[in-house]
Amino acid sequence: MAIRRPLSRLELPVDTVALARYLIGKLVVRELPEGLVSGRIVETEAYVVGDAAGHGYRGMTPRNRSLFLERGHAYVYVAYGISNMLNVSSDEPGVGTGVLIRALEPLDGIPIMRLNRGVEPLRDLARGPGRLCTALRIDRSLDGLDLCQEGPLWLGRDDRDVGDIGESIRIGITKDADRPLRFYLRGSPFVSGSRALNR
DNA sequence: AGTGCGATTGACT
DNA sequence: GTCAATCGCACTA
């Protein structure tokens, strides 16, 4: 069962890799006019200091400025002109690092997610960073939002035990591609990525 | 003002 | 498994 209060910023680890692990098993909660939609985070990636694959690597720009907010804020951007991506900023103000949320296990509002996605299978509703944003109707209008506060989008807690967390290289990047900065709930059918990465 | 990308997805062999 | 669509934005000049 979900606990209806956002995570406190104070409990978020002040380290990008630690936060990426910490967020596995937590909830992304979206409040829509039709109702509440939520999912349990089953896959994340860390984009750390000095990481050539990170959007903050070359400093602040109009697009990535939310990445430089204090940890626990949303950085939403559009990839490939098509897919929205949800990140959680992960450090002190002025440091451009974050955690990409890559997949959710659908919990609340599953019929709404099906409508938003236009597909039926539960497994396909939020498996992938772009798909989860479609399912939860997350776009750039939510960029910069504080995720540790009640509102249209926030991070919550689930009372189930978190299972075994696996790690692998990150998906879809070319720079700094060999670092083990992807984390996933081992055995979850809601995780994206190939069989080889999810072993 | 022009150019060249992608932290992806869905369709197709 | 392969592959192209698609466009915001960073970068160069």
Side-chain angles (χ1 to χ4, degrees), chain A residues 15-24 28 39 41-69 71-91 95-104 106 113-145 147 153 155 166-185 189-199:
Chain A
D15 173 86
T16 306
V17 170
L19 181 64
R21 285 184 167 278
Y22 184 81
L23 288 177
I24 300 288
V28 176
I41 299 172
V42 296
E43 181 182 353
T44 62
E45 283 178 357
Y47 287 85
V48 301
V49 171
D51 179 356
H55 284 188
Y57 184 60
R58 280 150 216 242
M60 200 187 297
T61 68
R63 172 174 72 159
N64 70 15
R65 65 192 157 84
S66 307
L67 207 46
F68 292 78
L69 296 173
R71 69 189 188 281
H73 287 80
Y75 166 47
V76 181
Y77 76 94
V78 180
Y80 294 99
I82 304 171
S83 306
N84 287 286
M85 303 277 139
L86 173 64
N87 296 258
V88 181
S89 68
S90 61
D91 213 303
V95 181
T97 57
V99 174
L100 172 68
I101 309 299
R102 282 197 59 92
L104 302 177
M113 295 177 94
R114 287 204 165 100
L115 282 172
N116 287 341
R117 284 274 293 126
V119 298
E120 279 295 308
L122 189 65
R123 189 170 107 93
D124 295 335
L125 293 180
R127 183 168 46 85
R131 289 168 175 172
L132 77 86
C133 285
T134 304
L136 271 57
R137 214 178 297 154
I138 293 167
D139 60 29
R140 280 228 86 188
S141 69
L142 300 173
D143 183 56
L145 210 67
L147 300 174
L153 183 68
L155 294 168
E167 60 180 69
S168 79
I169 58 167
R170 294 172 292 182
I171 294 177
I173 59 166
T174 52
K175 302 167 200 158
D176 269 337
D178 296 328
R179 308 173 71 174
L181 293 174
R182 172 177 175 264
F183 303 94
Y184 60 95
L185 186 59
F190 301 100
V191 167
S192 78
S194 68
R195 188 72 159 274
L197 286 181
N198 295 333
R199 168 163 53 209

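Since the model is a prediction, treat every value here as computed from it, not as a measurement. Here is the naming used below: chain letters follow the sequence lines, and residue numbers restart at 1 for every chain.
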For the side chain of [X], starting at C-beta, report the closest nucleotide among [options].
| X | options | value |
| --- | --- | --- |
| A:R58 | C:dC11, B:dT9, C:dA10 | C:dC11 |
| A:P62 | B:dT8, B:dT9, C:dA10 | C:dA10 |
| A:Y77 | B:dA7, C:dC9, B:dG10 | B:dA7 |
| A:I82 | C:dT6, C:dC9, B:dT9 | C:dT6 |
| A:R117 | B:dG10, B:dT9, C:dT6 | B:dG10 |
| A:Y47 | B:dA7, B:dG6, C:dA10 | B:dA7 |

Distance, rounded to the nearest Å, where [X] contributes [atom1] and [N] contributes [atom2]:
| X | N | atom1 | atom2 | answer |
| --- | --- | --- | --- | --- |
| A:D139 | C:dG8 | CG | P | 13 Å |
| A:Y80 | B:dG4 | OH | P | 17 Å |
| A:I101 | B:dT8 | CD1 | P | 14 Å |
| A:Y184 | B:dA7 | OH | C1' | 18 Å |
| A:N64 | B:dG6 | CG | P | 16 Å |
| A:H55 | C:dC11 | NE2 | C1' | 15 Å |

Would you call [X] and [Y] a salt bridge, using N to O less than 4.0 angstrom?
| X | Y | value |
| --- | --- | --- |
| A:R182 | A:E167 | no |
| A:D51 | A:R170 | yes |
| A:E43 | A:R127 | no |

[N] phosphate, OP1 or OP2, under 4.0 Å from [X] side-chain N/O:
| X | N | value |
| --- | --- | --- |
| A:R102 | B:dT8 | yes |
| A:S83 | B:dT9 | no |
| A:R63 | C:dA10 | yes |
| A:R140 | C:dG8 | no |

Practice task
Find out whether A:V42 and A:L104 are in side-chain contact, i.e. whether some heavy atom of one side chain is under 4.5 Å from a heavy atom of the other.
Solution key: no
Handout entry: CZ/A:R65: more than 12 non-hydrogen atoms of other groups inside 6.0 Å
Key = no
For A:K175 and A:G128, take the nucleotide of DNA chain B holding the closest heavy atom to each; which residue's nucleotide lies nearer the 5' end?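 Between the two, 5'-proximity favours A:K175.
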Result for ring-ring contact (aromatic ring centres under 6.0 Å, His included) between A:H55 and one of A:F68, A:Y77, A:Y47 points to A:Y77
Applying the Watson-Crick and G-U criteria (both distances under 3.5 angstrom) with [ ] for crossing and | for other-strand pairs, one obtains for DNA chain C |||||.||||||.
Q.
Any donor-acceptor pair under 3.5 Å linking the side-chain atoms of A:N116 with those of A:T134?
A.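 Checked: A:T134/A:N116 side chains show no N/O donor-acceptor pair below 3.5 Å.
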